[in-house]
2 protein chains.
Amino acid sequence: MSDHQQQRTSSPPSLSGDALPPLEQHARQYETVRNAHETELIEDYVELIGDLLRHRGEARAADIASRMAVSQATVSKMIRRLNDLGLVTSKPYRSLFLTEEGQKMAETSRARHNVVLHFLRALGVNDSTARIDAEGMEHHVSDETLAIMQRFTEQQNS
Amino acid sequence: MSDHQQQRTSSPPSLSGDALPPLEQHARQYETVRNAHETELIEDYVELIGDLLRHRGEARAADIASRMAVSQATVSKMIRRLNDLGLVTSKPYRSLFLTEEGQKMAETSRARHNVVLHFLRALGVNDSTARIDAEGMEHHVSDETLAIMQRFTEQQNS
DNA sequence: CATGATTGTTAGCCAAGGCTAAACTGTTTG
DNA sequence: CAAACAGTTTAGCCTTGGCTAACAATCATG
């Protein structure tokens with residue numbers, strides 16, 4: 001029953017990089033990320049629906065499915081959820097529309113997305129990489145950071 | 001409720017912001033994000049275990065649970081998964097250790113995390129915000145962008 | 001050294017977000 | 001105008017990642 005436990009011990013903090021954040025703060029970090037994950041997908045759908053409406057005049061489930069690379073059944077299920085959340089109005093077998101709340105969310109998401117995307121390009125990231133990274137990052141950037149990104153981009157472009 | 005469709009219609013692309021990306025590219029963006037989500041949590045656990053080992057000499061389930069703000073049962077279940085994936089070795093009721101592969105993952109994650117964190121600080125983001133944002137962003141930053149962030153940070157600090 | 005506190009595990013529940021297969025609707029066209 | 005096809009929905013399944021409650025092991029300590 002002896003403890004093993006490689007005594008790799010006593011690692012002096014000075015040699016082992018940044019210290020652990022205080023417990024409370026650390027916990028808050030993870031919680032924030034978990035919360036973001038809950039809304040992330042919803043926002044992506046709403047944003048995409050908004051984009052389809054703006055660019056195509058309609059948003060069909062099939063388009064969403066192919067753009068998201070997901071099955072139509074998955075989209076259908078998600079639409080019901082969006083409906084229940086009061087973000088879209090849908091009549092069976094017809095195009096979707098956003099409720100007022102949905103439009104607000106789409107607008108906000110699109111704005112965030114664009115700030116991040118333009119920021120990455122201003123930083124010097126290749127366009128197609130920037131698109132991919134922006135898609136992943138947009139939901140994890142605080143308002144504070146977003147504002148800084150925007151300022152940075154503007155300075156770069158002047 | 002029936003005022004459908006602000007006829008914002010026929011939106012000329014020039015007025016409606018960036019065009020939709022070509023379908024294939026668009027689909028790849030979402031796929032990349034979905035894939036990131038699958039490994040994200042795993043990496044967070046492994047990274048945290050690595051940090052606990054470095055700073056404390058041991059990684060107990062209770063510590064992980066409180067730092068992640070998650071129940072012990074959740075941690076216990078996750079540890080079995082990490083075990084199955086060959087990332088940690090665990091004997092019941094004992095501290096965890098990382099396998100060689102786990103250590104590699106922890107190292108890589110930690111490095112990414114630090115690059116993003118230091119980049120955000122160099123950009124001018126407040127420390128506690130930077131920590132939160134870094135936690136969320138780290139899994140969505142491509143190698144290309146990461147390299148650019150690192151260069152930027154170094155220039156800033158010179 | 002017994003016992004209570006702490007820590008870890010197991011069982012069983014739930015929601016989210018995927019999937020395929022099958023059923024249904026709407027549209028196009030022969 | 002009927003049949004075929006494209007689009008949509010439903011049913012039912014799976015995995016992940018949470019949770020609580022009950023139980024088990026370990027550890028401190030009176």
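Lettering follows sequence order; numbering is per chain, from 1.
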Next on the checklist: What contact category does B:Ala61 fall into here, base, sugar-phosphate, or nothing, at under 4.0 angstrom with non-hydrogen atoms?
Outcome noted: sugar-phosphate

Next on the checklist: Looking at A:Ser71, I'd like to know whether one of its side-chain N or O atoms comes within less than 4.0 Å of OP1 or OP2 on C:dC19.
Outcome noted: yes

Checklist entry - In Å and rounded to the nearest 0.5 Å, what is the CD to CD distance from A:Glu107 to A:Glu47? => result 9.5 Å

Item to check | Whole angstrom value for the distance that separates C1' of C:dT10 from CG of B:Asn83 | outcome: 16 Å

Item to check | Side-chain heavy-atom pair A:Leu52, A:Arg67 within 4.5 angstrom cut-off | outcome: yes

Checklist entry - Within this structure, what is the CD-to-P distance between A:Glu40 and C:dG18, rounded to whole angstrom? => result 11 Å

Checklist entry - Between A:Arg94 (CZ) and C:dT27 (P), how many Å, whole number? => result 8 Å

Checklist entry - Taking OP1 and OP2 of C:dT9, is either one under 4.0 Å from a side-chain nitrogen or oxygen of B:Arg80? => result no

Next on the checklist: Considering every strand and a 4.0 Å limit on heavy-atom distances, what is the contact class for B:Ala62: base, sugar-phosphate, or nothing?
Outcome noted: sugar-phosphate

Item to check | Nearest-Å distance for atom pair NE2/C1', residues A:His37 and C:dG18 | outcome: 16 Å

Checklist outcome for this item: note: A:Met78, atom CE; D:dT10, atom P; distance rounded to Å ~ 16 Å

Checklist entry - Where the side chain of A:Leu41 is concerned, which of C:dG18, D:dG18, D:dT9 is the nearest nucleotide? => result C:dG18

Checklist entry - Taking CD from B:Gln72 and P from D:dT26, how many angstroms apart are they, rounded to a whole number? => result 15 Å

Checklist entry - Is any side-chain heavy atom of B:Asn126 closer than 4.5 Å to a side-chain heavy atom of A:Thr145? => result no

Next on the checklist: What I'd like to find out is whether the side chain of A:Glu138 reaches to under 4.5 Å of the side chain of A:Glu43, using heavy atoms alone.
Outcome noted: no

Checklist entry - How long is the line joining OH of A:Tyr93 and P of C:dT28, in whole Å? => result 17 Å

Item to check | Between C1' of C:dT9 and CD1 of B:Ile79, the distance in whole Å | outcome: 10 Å

Next on the checklist: By nearest atom, which of the nucleotides C:dG18, C:dT7, C:dT10 is closest to the B:Ala73 side chain?
Outcome noted: C:dT10

Next on the checklist: It should be established whether A:Thr74 places a side-chain nitrogen or oxygen under 4.0 Å from OP1 or OP2 of nucleotide C:dC19.
Outcome noted: yes

Next on the checklist: By nearest heavy atom, map A:Pro92 and B:Ala69 onto DNA chain D; which one lands nearer the 5' end?
Outcome noted: A:Pro92

Item to check | B:Asp84/B:Arg80 ion pair, N-O < 4.0 Å | outcome: no

Checklist entry - Across the strands shown, which category fits B:Val70 at heavy-atom distances under 4.0 angstrom: base, sugar-phosphate, nothing? => result sugar-phosphate

